[in-house]
Protein chains: 2
Amino acid sequence: MSNVTIKDIARMAGVSHTTVSRALNDSPLINPETKEKIKSIAGSLNYTPNYSAKSLVLDRSYNLGLFFTTLRQGTSPGFLYEAIKGVNEIIKDRYNLIVRGIDDYKSYHHVNRKSFDGIMLMSQSAADQPFIEYASDHGIPFIVLNREVEMSGVVNLIPDDQSGAYRMTEYMLRCGHRRIAIVEGKAGFKSAQARKEGYREALLAYGIPLQDELCIRGDYGLESGYKAMVRLLALPERPTAVFCSSDDMALGAVKAAVERGLRVPDDVSVAGFDDTGYSAFTTPALTTVRRPIEEMSRAGAERLMALLETKESAERKTLFHTELIVRDSVKRLNTE
Amino acid sequence: MSNVTIKDIARMAGVSHTTVSRALNDSPLINPETKEKIKSIAGSLNYTPNYSAKSLVLDRSYNLGLFFTTLRQGTSPGFLYEAIKGVNEIIKDRYNLIVRGIDDYKSYHHVNRKSFDGIMLMSQSAADQPFIEYASDHGIPFIVLNREVEMSGVVNLIPDDQSGAYRMTEYMLRCGHRRIAIVEGKAGFKSAQARKEGYREALLAYGIPLQDELCIRGDYGLESGYKAMVRLLALPERPTAVFCSSDDMALGAVKAAVERGLRVPDDVSVAGFDDTGYSAFTTPALTTVRRPIEEMSRAGAERLMALLETKESAERKTLFHTELIVRDSVKRLNTE
DNA sequence: AATCCGATTGTTAACGTGTGCATGGCTATG
DNA sequence: CATAGCCATGCACACGTTAACAATCGGATT
C-alpha cells in the first residue's frame with residue numbers, strides 16, 4: 001500500500017520532512033549526498049506523492065479537460081477517437097485527461113479553476129458559447145479547437161473547412177458537374193456553415209446560381225444523409241453530384257442511391273468531408289476532404305501545456321490545412 | 001473568481017467554519033434554520049468546494065479511470081465512443097472520468113489509490129495482466145470489462161463473443177455455406193480467441209473439419225481485412241463465405257472482393273462482428289453480430305459506483321448477450 | 001578576535017475541509 | 001430546585017505537502 005509519506009522517509013533518513021520535500025523536488029538547496037540518500041529511500045519504499053495534498057498547496061489539480069459540445073449526437077466516433085489520441089500523445093504522465101460532453105453537466109458547478117488546470121474545448125456549435133464565457137469568467141486557462149470563436153485573447157485552432165469545401169466543389173465543377181447538391185451539417189454548427197460557404201463561393205466563381213432545392217439540411221449522421229439523398233433523387237431534375245458535409249452522411253447517401261438501383265459514381269457522384277478511417281474502404285472509396293483532427297489536437301495540447309507552464313501564449317488563431325482526397329466516388333464527366 | 005471558502009461563509013453567517021461545513025453537507029446536527037441561512041449565503045456567493053482539500057481529508061480523489069489496453073491500434077473508434085458514452089451517462093457530476101490507454105503510461109507510478117477512486121479497465125488483451133495485478137496489489141477498486149479474467153474476486157463484465165460467433169457461423173451453415181473462412185482478430189486478444197472458438201464449435205456441430213488455409217490472422221483493422229481477403233481469393237478453391245472477426249475487417253474484405261470484380265454477396269458472402277454504427281450503411285449492409293458495448297459500459301459504471309459507495313459488490317461475472325443481425329451481405333444458397 | 005557569509009537544515013505555518021470531543025443552553029423529570 | 005439529557009455549536013486538530021523564515025556551522029573577511 002502506498003501510505004508512505006514524506007514524514008516516514010524523513011524519519012528513516014534522520015532529517016526533517018522539509019528536507020525530504022526539497023530533495024524529491026530537486027531543490028538546489030540540498031546537499032547532493034543527502035539528496036541521493038533520500039531519493040534512494042523513497043525509491044525503496046515505493047513512495048508516491050499524494051497528489052491531493054500537492055494540489056491543495058500548489059493550487060494545481062493536474063487535471064486537464066477535453067470537452068465536446070456533446071457526446072450524444074453530432075459527434076462522430078472517429079472525431080472523438082482522433083481527438084483523444086492526439087491529446088494523450090502530448091500530455092505528460094502526471095496529468096489526467098478528463099473527457100466529457102458539456103451537455104453531460106447538469107451545471108458547470110464542478111468546472112472551476114481548482115478542479116481543472118486547463119481545458120481544451122472541441123467546440124462544435126455556437127451552443128457552447130455560454131460555456132466559453134463561463135470558463136473565461138472563472139479564469140480557467142482554456143483554448144478552443146475546431147470552431148472559430150469571436151472572443152479576443154482566446155487561443156483558437158481551427159481547420160480550414162471553408163477552403164476545403166471550396167476545393168471539393170471546385171473539383172466537382174472541373175469534373176464537369178454543373179448540378180451539384182449539398183447536404184448540410186447540423187443546424188447551428190459553425191462547421192456546417194463554413195462548408196456551405198465554401199460550396200457557395202465555388203459555385204459563384206463558376207457563375208452558377210445557388211439553388212435552394214439542392215441544399216438539404218442534415219445533422220452529420222448516417223441516417224440524415226440517407227434521407228437527404230432520398231429527397232434529392234425525387235427531384236424532377238436530379239443532381240449529378242452530391243457534396244455531403246460529412247463522410248457519415250455520404251455513406252448514408254450512397255446507401256440511398258444504391259437501394260434505388262443507381263450506381264455510384266456512374267449514375268450519381270457523391271463526396272464526403274472528414275476523411276474518417278473508413279472512407280478509403282467503402283464501396284466506392286469516398287472522395288472527401290481530410291480534416292487534420294489529430295494534428296490539431298496534438299497542437300492544442302502543446303499550446304495548452306505551454307500556456308500552463310509559462311504564462312505566455314503565442315498567436316491566437318491558427319488555421320489547419322484541409323486537403324482534398326480524390327478517390328472513386330466522383331465521376332469525371334468531361335475529358336478536360 | 002471562486003476563492004470563496006467555508007471560512008468566508010462562516011464569517012458572514014456569524015458561525016464557525018465547522019458549522020458551515022456541516023450545513024453544506026446536510027448534517028442532521030445543524031438547526032434547519034441555520035442550515036438554510038448558510039446555504040443561501042453559499043449560493044449567493046457562488047461557493048464551490050475546493051475538491052483538492054476535500055480529497056485530502058476524505059481520502060477520495062473523485063477521479064474514475066476508464067482505461068483501454070491501447071488507444072493506438074486495435075481499438076476501434078466506435079468501441080471507444082460507445083464505452084465513453086455509456087460511462088458518462090452514469091457517473092455523477094462530481095466525478096471526473098479519465099480516459100487513457102495503459103500503454104500511454106511510462107510507468108504506473110501515477111496510478112494509485114489516492115489518484116483514482118476506482119478504475120474500469122476495458123481489457124482487450126492478456127497484455128494488461130500486469131496492470132490488473134498492479135491495481136489489485138495497490139488496493140484500487142477496479143472492474144474489468146470486455147475480457148474474461150481468471151482472477152477471483154474481480155467484477156468482470158464480458159460480452160458473450162463465443163456464442164455470437166457460433167450463431168453467426170451456424171447461420172452461414174444454414175444458408176447452405178460449407179466452405180467458410182474466418183478472418184481472425186488481433187493475436188493475443190482474448191476476443192479474437194473466443195470468436196474463433198465459436199466458429200470452430202459451429203463447424204464441428206455440422207461435422208465440418210477446420211481447415212487451416214481458411215483461417216487467416218488479422219488485427220481487427222480495415223487494412224488487415226483487405227489483405228486477408230486477397231489471400232483467400234487467391235486460394236485454388238475459394239470460400240463461399242467469409243466470417244470476419246470485426247466489422248472493420250469485413251469492410252476491408254468487401255473492398256478487396258469488389259476490386260477484383262466480385263460481387264458481395266452474390267459471388268462471395270462476408271459477415272462482420274461488432275455492429276458498429278456503420279454496418280447498416282455499407283454496401284451491401286453488413287450481416288454481423290451486435291456487441292452491447294454501451295450497455296456493458298453503463299452497467300460497469302453502475303457496478304463501480306456501487307462498489308465505491310457501499311463496499312459490497314454483487315456477482316462477479318456477468319455475460320452480456322450478443323445478437324445476430326441479419327442484413328444483406330450473406331447469401332442464402334439453399335431454399336431450406 | 002569579532003563579524004559576516006554561504007551552504008545546509010529545521011521550525012512553523014499555511015492550503016481548505018472534515019470530525020472527535022468539549023461546551024453551553026434549554027427542557028423534562030424527579 | 002437539582003440534575004440528567006438533548007440539541008446546536010465551537011474548538012482544536014488532522015490530512016500531506018510546500019515555503020517563508022529562522023537557525024546552525026564552518027570558514028573567510030576585516
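These figures come from a predicted structure and were not determined experimentally. Below, read A as the first sequence line, B as the second, and so on, with proteins coming before strands; counting in each chain starts at 1.
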*asked:* Checking S52(B) against Y51(A) for the side chain to side chain donor-acceptor pair (under 3.5 Å) test, could you report, in this order, the C-alpha distance in whole Å, the side-chain angles of both residues, the deciding distance, and whether it holds?
replied: CA-CA 9 Å; S52(B) 300; Y51(A) 271 79; over 6 Å; no
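The six-membered or imidazole ring of F116(A) lies near that of F67(A), with a centre-to-centre distance under 6.0 Å. No close placement of the H110(B) and Y95(A) rings is indicated, their centers lying 6.0 Å or farther apart.
Put simply, NE2 on H17(A) is 9 Å from P on dT18(D), counting in whole angstrom units. What separates CG of L58(B) from C1' of dG16(D) is a distance of 14 Å, to the nearest Å. Rounded to whole Å, atom C1' of dC6(D) lies 15 Å from atom CD1 of I30(B). One interatomic measurement links the two molecules: CG of D8(A) to C1' of dG16(D), which rounds to 11 Å at whole-angstrom precision. Between the P atom of dC15(D) and the NZ atom of K7(A) lies a distance of 7 Å, rounded to the nearest Å. When rounded to the nearest whole Å, the span between OH of Y62(A) and P of dG16(D) equals 17 Å. Atom-to-atom, NZ of K35(B) to P of dT9(D) comes out at 10 Å; the value is rounded to the nearest Å. If you take CG of D26(A) and P of dA19(D), they are 14 Å apart, rounded to a whole angstrom.
Contact annotation for T34(A): backbone-only contact, meaning every heavy-atom pair under 4.0 Å involves sugar-phosphate atoms and none involves a base. Among the atoms of the strands shown, only primed sugar atoms or phosphate atoms (P, OP1, OP2) are found under 4.0 Å from some heavy atom of N25(B). No engagement by S55(B) is indicated, since no non-hydrogen atom pair under 4.0 Å with the nucleic acid exists. Using a 4.0 Å heavy-atom cutoff across all strands shown, T19(A) reaches sugar-phosphate atoms only and no base atom.
Protein chain B contacts DNA chain C over a range whose 5' and 3' limits, counting nucleotides with an atom under 4.0 angstrom from a non-hydrogen atom, are dG16(C) to dC21(C).
Classification of the Y108(B)-F131(B) ring pair by plane angle, with boundaries at 30° and 60°, yields perpendicular.
Of the side-chain N and O atoms in T5(A), none sit less than 4.0 angstrom from OP1 or OP2 of dG16(D).
The cationic atom of R100(B) (NZ for Lys, CZ for Arg) lies less than 6.0 Å from the six-membered ring centre of Y105(B) and within 45° of the ring axis.
The residue among R22(B) and Y47(B) whose nearest nucleotide of DNA chain C lies closer to the 5′ end is Y47(B). Projected onto DNA chain D by closest heavy-atom contact, P28(B) and L56(B) fall at different nucleotides, the more 5' of which corresponds to P28(B).
Residues E148(A) and K317(A) are paired through a salt bridge, judged by an N-O separation under 4.0 Å between the basic side chain and the carboxylate. In summary, K190(A) and D161(A) do not engage in a salt bridge, as defined by a charged side-chain N under 4.0 Å from a carboxylate O.
The side chain of S21(A) lies closest to dT18(D) when the candidates are dT9(D), dA12(D), dT18(D).
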